[in-house]
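The block underneath contains the structure these notes are about, expressed in structure tokens.
Only heavy atoms go into these numbers, but all of them, side chains included; no hydrogens, no water, no symmetry mates.
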Amino acid sequence: MNIKILSRSANLYSTNALVQAAVKRKHNVQVIDPLNCDIVIERQKPEIYYRGRRLDHVDAVIPRIGASTTFYGTAVVRQFEMMNVFTTLSSQALIQSRDKLRSLQVLSKAGLGLPKTVFTNYSKDVSEVISHVGGAPLIIKLLEGTQGLGVVLAETKTAAESVLEAFNGLQARVIVQEFIKEAKGADIRALVVDGQVVGAMKRQGKDGEFRSNLHRGGTANVINLTRHEEQAAIMATKTLKMGVAGVDMLQSKRGPLILEVNSSPGLEGIENATGKDIAKSIIKYIERNM
């Protein structure tokens, strides 16, 4: 097959792992920067040009679209869809996954467990917002934040009020979530491919850090999911209609709670923690659907 990986750099671990997995399975593969693609819209003849050359005979694409390039990257994925090219992540799923608030609303409607979450239109009554999630401590998250950036733990009501008032003054969109104490600064990342969990790890924040992101010094170890955790991860990706996704969950007294569903999950941490070839699973997913 002729596979294109939409990525800003071929040197990124995840991108390179996908290239190696595709080559090992005898496929033609090319990494293309979506920002260097030109979209040509014409009646019944959608085309994409990459660095002056028309892309044709493409069988499948693997979008690895970063948050900063969501708008144009989504347009490129959509154009491939118009050309009847199979994609591991649809343009609609990509848009929905990047809208944290919308994703949580959709997941809630589907009956999945979530930390209690509040969103307001820069409400001046921050005290009421805090009470909606059961008071402090609580978590405040920027809607546009990634990799743990823009996430604040407010341990007291006074601190929470100060942070919310500051964000409101900057007109920064935030969500407020209850703090799950029993999670103890850890979360679970489950990698789901084609409706199956192909790897899972437990990430633990470093001492004094409530965020478990590996980019922030957290550690990761392989974990065997409970039946409820596995079902929650699979249901979350099906609800958001994502073929490949990283599902982040907290372990709580009331069962698994979904934090986020990542449309371009990194492969390095989970492959190192589990010893599994996740990239190979993604290539095999394309083969099954072609």
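Criterion: ILVMFWY side-chain heavy atoms under 4.5 Å apart, direct or through other members. Under it, L170 and L143 are not part of a common hydrophobic cluster. When hydrophobic clusters are built by joining Ile, Leu, Val, Met, Phe, Trp and Tyr residues whose side-chain heavy atoms come closer than 4.5 Å, directly or via intermediates, V222 is not grouped with V198. Hydrophobic clustering of Ile, Leu, Val, Met, Phe, Trp and Tyr side chains at less than 4.5 Å, counting indirect connections, unites L164 with L142. Residue L240 is grouped with residue I234 when hydrophobic side chains (ILVMFWY) are merged at heavy-atom distances under 4.5 angstrom, including chains of intermediate members. Cluster annotation: M1 and V31 are assigned to the same hydrophobic cluster (Ile/Leu/Val/Met/Phe/Trp/Tyr, side-chain heavy-atom contacts under 4.5 Å, transitive).
In this structure, NZ in K26 is found 11.5 Å from CG in N28, a value given to the nearest 0.5 Å. Distance OG1/T74 to CG/L94: 3.5 Å, rounded to 0.5 Å. Annotation: the span from I95 atom CD1 to L89 atom CG amounts to 10.0 Å, rounded to 0.5 Å. Atom CG of L114 sits about 7.0 Å away from atom CD1 of I258, to the nearest 0.5 Å. Rounding to the nearest 0.5 Å places CE of M201 at 11.0 Å from CD1 of I188. Of the inter-residue distances, the one linking L225 atom CG with M249 atom CE reads 5.5 Å to the nearest 0.5 angstrom.
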Under the side chain to side chain contact (heavy atoms under 4.5 Å, CB included) rule, what do L107 and V261 come out as? Steps first, then yes or no, please.
CA-CA 10 Å; L107 294 172; V261 183; 4.2 Å; yes

Do V118 and I175 pass the side chain to side chain contact (heavy atoms under 4.5 Å, CB included) test, and can you show the C-alpha distance, the side-chain angles, and the key distance before you say yes or no?
CA-CA 6 Å; V118 177; I175 56 176; over 6 Å; no

Given I5 and R64, is the side chain to side chain contact (heavy atoms under 4.5 Å, CB included) satisfied, shown in steps?
CA-CA 7 Å; I5 301 174; R64 299 287 309 175; 4.1 Å; yes

Does the side chain to side chain contact (heavy atoms under 4.5 Å, CB included) test come out yes or no for I65 and L6, once each step is laid out?
CA-CA 7 Å; I65 308 297; L6 305 181; 4.1 Å; yes

Given D248 and R203, is the salt bridge (Lys or Arg N to Asp or Glu O under 4.0 Å) satisfied, shown in steps?
CA-CA 10 Å; D248 297 340; R203 302 181 298 190; 3.2 Å; yes

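For the pair T88/V61, no side-chain contact is recorded, criterion being any heavy-atom separation below 4.5 Å from C-beta on. Residues C37 and V76 have side chains in contact (heavy-atom distance under 4.5 Å, counting atoms from C-beta outward). Counting heavy atoms from C-beta outward, V23 and V29 have side chains that approach closer than 4.5 Å. Considering only heavy atoms from C-beta on, L55 comes within 4.5 Å of F80 through its side chain. Considering only heavy atoms from C-beta on, Q105 comes within 4.5 Å of L101 through its side chain. Residues V244 and V192 have side chains not in contact (no heavy-atom distance under 4.5 Å, counting atoms from C-beta outward). Contact check for M83 versus I48: side-chain heavy atoms found under the 4.5 Å cut-off. Between Q96 and S103, some side-chain heavy-atom pair lies under the 4.5 Å cut-off.
No donor-acceptor pair under 3.5 Å is formed between the side chain of T237 and the backbone N or O of A245. When atom types are taken as modelled, the side chain of Q204 and the backbone of K184 share a donor-acceptor pair closer than 3.5 angstrom. Between the side chain of S7 and the backbone N or O of A10 there is no donor-acceptor pair closer than 3.5 Å. Under a 3.5 Å cut-off, the side chain of E271 and the backbone N or O of A279 do form a donor-acceptor pair.
Closest approach of A154 and I140 over heavy atoms only: CB-CD1, 4.5 Å. The minimum heavy-atom distance between S14 and E268, with the atom names listed, is OG-N, 4.3 Å. For V193 against S281, the heavy-atom pair with the smallest separation is CG1-O, 3.8 Å. For the residue pair V174 and F119, the shortest heavy atom distance occurs at O-CD1, 3.1 Å. Taking both residues in full, the closest heavy atoms of A236 and V247 are given as CB-CG1, 4.3 Å, listed atom of the first, atom of the second, then distance. For V40 against Q79, the heavy-atom pair with the smallest separation is O-NE2, 2.9 Å.
Listed by first then second residue, pairs satisfying salt bridge (Lys or Arg N to Asp or Glu O under 4.0 Å) with a partner in residues 120-136 number zero, not counting sequence neighbours. Among residues at least two apart or in separate chains, there is no ring-ring contact (aromatic ring centres under 6.0 Å, His included) pair with a member in residues 234-283. Sorted by first and then second residue, the pairs that involve residues 166-176 and meet side-chain hydrogen bond (donor to acceptor under 3.5 Å, both in side chains), not counting sequence neighbours, are N121-R173, Y122-R173. For residues 107-119, every residue pair satisfying the side-chain hydrogen bond (donor to acceptor under 3.5 Å, both in side chains) rule, not counting sequence neighbours, is listed here: T117-Q177. Applying the side-chain hydrogen bond (donor to acceptor under 3.5 Å, both in side chains) test to pairs two or more places apart or on separate chains, none has a residue in residues 47-56.
Evaluation of the salt bridge (Lys or Arg N to Asp or Glu O under 4.0 Å) rule for R98 yields no partner, not counting sequence neighbours. Scored by the salt bridge (Lys or Arg N to Asp or Glu O under 4.0 Å) test, D38 finds no partners at all (sequence neighbours excluded). By the salt bridge (Lys or Arg N to Asp or Glu O under 4.0 Å) test, D33 is found to be paired with R8, residues two or more places apart in sequence or in another chain being considered. Take E178 and apply the salt bridge (Lys or Arg N to Asp or Glu O under 4.0 Å) test, not counting sequence neighbours, and it matches R254. For F167, there are no ring-ring contact (aromatic ring centres under 6.0 Å, His included) partners two or more places apart in sequence or in a different chain.
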Output side-chain donor-acceptor pairs under 3.5 Å for residues 282-290, partner residues at least two apart or in another chain, one line each.
{"residue": "E287", "atom": "OE1", "partner": "R25", "partner atom": "NE", "Å": "3.2"}
{"residue": "E287", "atom": "OE1", "partner": "R25", "partner atom": "NH2", "Å": "3.0"}
{"residue": "E287", "atom": "OE2", "partner": "R25", "partner atom": "NE", "Å": "2.8"}
{"residue": "E287", "atom": "OE2", "partner": "H27", "partner atom": "NE2", "Å": "2.7"}
{"residue": "R288", "atom": "NE", "partner": "D194", "partner atom": "OD2", "Å": "3.3"}
{"residue": "R288", "atom": "NH2", "partner": "D194", "partner atom": "OD2", "Å": "3.1"}
{"residue": "N289", "atom": "ND2", "partner": "Y285", "partner atom": "O", "Å": "2.9"}

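Donor-acceptor pairing under 3.5 Å is recorded for the side chains of K157 and S127. With 3.5 Å as the limit, one finds a donor-acceptor pair spanning the side chains of S91 and E81. Counted by atom type alone, K202 and Q251 present one or more donor-acceptor pairs between their side chains at under 3.5 Å.
Atom NZ of K141 is surrounded by more than 12 heavy atoms from other residues, nucleotides or ligands within 6.0 Å. By the neighbour-count criterion of 12 heavy atoms within 6.0 Å, atom CD of Q30 is densely surrounded, having more than that number from other residues, nucleotides or ligands.
Think of L257 as one node in a network of Ile, Leu, Val, Met, Phe, Trp and Tyr side chains linked at under 4.5 Å; its network also takes in I180, L250, L259.
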